[in-house]
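Computation of the quantities below employed the complete heavy-atom set of this structure, encompassing side-chain atoms and omitting hydrogens, waters and symmetry-equivalent molecules. Chain letters run A, B, ... following the sequence lines, proteins first, then strands; residues in each count from 1.
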Number of protein chains: 2
Amino acid sequence: MASTNSTGGSAEIPLILAAIELFGRDGYAAVSTRTLCEQAGTNISSIKYHFGGKEELYRAAIFYVVNQLRPRIEVVASAFEQGREMVGTNPVMQAKLIKQLVKNLLHFFLGSKDIPYFMPFVMRELLVPGKYFSDLYEGIPRHLHELITRIVAMVQDVDAEDETSIIRAHSLLGQIMIFHIARPFLFKRLDWQEFTPARIELITQETQLLVLRALQLEDTDD
Amino acid sequence: MASTNSTGGSAEIPLILAAIELFGRDGYAAVSTRTLCEQAGTNISSIKYHFGGKEELYRAAIFYVVNQLRPRIEVVASAFEQGREMVGTNPVMQAKLIKQLVKNLLHFFLGSKDIPYFMPFVMRELLVPGKYFSDLYEGIPRHLHELITRIVAMVQDVDAEDETSIIRAHSLLGQIMIFHIARPFLFKRLDWQEFTPARIELITQETQLLVLRALQLEDTDD
DNA sequence: TTATATATATCAAACAAATGATTTATGGAA
DNA sequence: TTCCATAAATCATTTGTTTGATATATATAA
């Protein structure tokens, strides 16, 4: 039997998953409620019944991805925070910690197979803000951005509240995220059709190199 | 009077400009032909008459921005190419050249007031590829990406055809473009509502610093 | 255990509003 | 007139939503 969670009927999750995939791929306006229901294998009226309407389904999808992704991000974040205390001001250890973070982020954003449709959905709302931009922003990426900012501040020994630290963190995050955001662009440029493990590894190594240089840390070649 | 160019009637340009603004802001599916005509101050049938339909208008808008933006990008590109010969392998001069390029790009992407609606339109097609992705890609950003790749190859003294060079160029471009792409995100993070000249200057300085470090070039502080 | 009542969920059909496209008519310039 | 451009009205579809009926599951009482 289906789990007796608070979301009730069995059509809700399929509808939310369809919404994440189709809204993420084609955008809110381009997806009809009929297409959503067809993809979810439900009746047309199920959106009205379970959510109230198309927009409320979109909202439900936003909160769904936030709840699904938050713990996964927090694993990366807490791993870093734990390491940060041990590392202290040792540049060699700082470099190792940052290399690991870059690797985790790239593998997560480029290689996640189990949640393939989440990222386009999230990115669309973040880059082209809609009604629930703030809910999404507060839900996940804000913590990640603040994390990177603390790294920058730690390594450069400046205040993490400075605009300078935030701007540098934004730029560094851009160095990493551009491989996810501008994926079609990169594929066209390199005549790639997909990310393979070897390609992700190559991107990881090069990005690690550039990030460490930008932070003026020695690469330890481990 | 209106210029007697090859595009005939006076309703075409207003329609194209409306298409760039509205498609860029809301996406293709979200904008109705009626809204477009209202924005352009034309009759509903003008889209059919001048372009054939909604999609052909979109196509016309793609080629319009390509033709408008290409010369502006080429100014930046040729300025760099000219400087490149004079600079040679002198690291100090290389640093100056690259700082200028970063500044030009950031001021163009963050501060362009005369073509305010072009960039969202272009970015939408590039990040969420549609039917005319290739036309746009070949029209402008490909040259820019190849330009950055040549810079990386020159400074690092490696082959510009290597995947490594291209990947590093992509990452460096991400460092810069993220301020345009993830503008809403940055604004939220810094509680900004707009880009002011001072803010653009701050971003420019910090980005120059990080890019030069990533390329292992000394900052000359001019 | 039965029978009844209630809440939950799904279904096919239909509605009003909108959308892109089309047709026909009109105005002005060469 | 002839050609170009615009305007108003209309068409067939698609859109999100709603309706009323029905099926399923759970709970309560006899």
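- Between the CG atom of B:L57 and the C1' atom of C:dA21 there is a distance of 14 Å, rounded to whole Å.
- To the nearest angstrom, C1' of D:dT18 lies 14 Å from CD of A:E56.
- Put simply, B:H50 has no side-chain N or O that comes within less than 4.0 Å of OP1 or OP2 on D:dC4.
- Among D:dA8, C:dC11, C:dA21, the nucleotide with an atom closest to any side-chain atom of B:K54 is C:dA21.
- Closest to the side chain of A:N43, out of D:dA8, C:dT10, D:dT17, is C:dT10.
- Summarising the geometry, the separation between CD1 on B:I47 and C1' on D:dA8 is reported as 16 Å, rounded to the nearest angstrom.
- When distances are taken from the side chain of A:I44 to each of C:dT10, D:dT17, C:dT19, the shortest belongs to D:dT17.
- Here the side chain of B:S32 is nearest to one of D:dT6, C:dT19, D:dG16, namely C:dT19.
- Counting only N and O atoms by type, the side chains of A:R142 and A:H145 include no donor and acceptor under 3.5 Å apart.
- A donor-acceptor pair is defined here as one N or O able to donate and one able to accept, closer than 3.5 Å; such a pair exists between the side chain of A:R124 and the backbone of A:G24.
- The separation between B:L15 atom CG and D:dA7 atom P is 11 Å, rounded to whole Å.
- With rounding to whole Å, B:R34 atom CZ is found 11 Å from C:dA17 atom C1'.
- Proximity note for A:K48 (side chain, C-beta onward) versus D:dT18, C:dA12, C:dA9: the nearest is D:dT18.
- Using a 4.0 Å cut-off, some side-chain N or O of A:S10 falls inside it from OP1 or OP2 of C:dT10.
- One atom, OH of A:Y28, and another, P of D:dT15, lie 13 Å apart when rounded to the nearest Å.
- A salt bridge links B:R150 and B:E81; the closest N-O separation between the charged side-chain nitrogens and carboxylate oxygens is under 4.0 Å.
- Rounded to an integer number of Å, the gap from OH of A:Y49 to P of C:dA13 is 21 Å.
- Distances from the side chain of A:S45 to the nucleotides C:dT10, D:dG16, C:dC11 place C:dC11 closest.
- With D:dG16, D:dT6, C:dG20 as the candidates, the nucleotide lying closest to the side chain of B:T33 is C:dG20.
- Annotation: B:Y117 is not in aromatic contact with B:F23 [ring centroid separation under 6.0 Å not met].
- Residues A:F185 and B:F133 keep their aromatic ring centres 6.0 Å or farther apart.
- For A:E55 and D:dT17, the CD to C1' distance is 14 Å, given to the nearest whole Å.
- In the set C:dT22, D:dT6, C:dT10, the nucleotide with an atom closest to the side chain of B:A11 is D:dT6.
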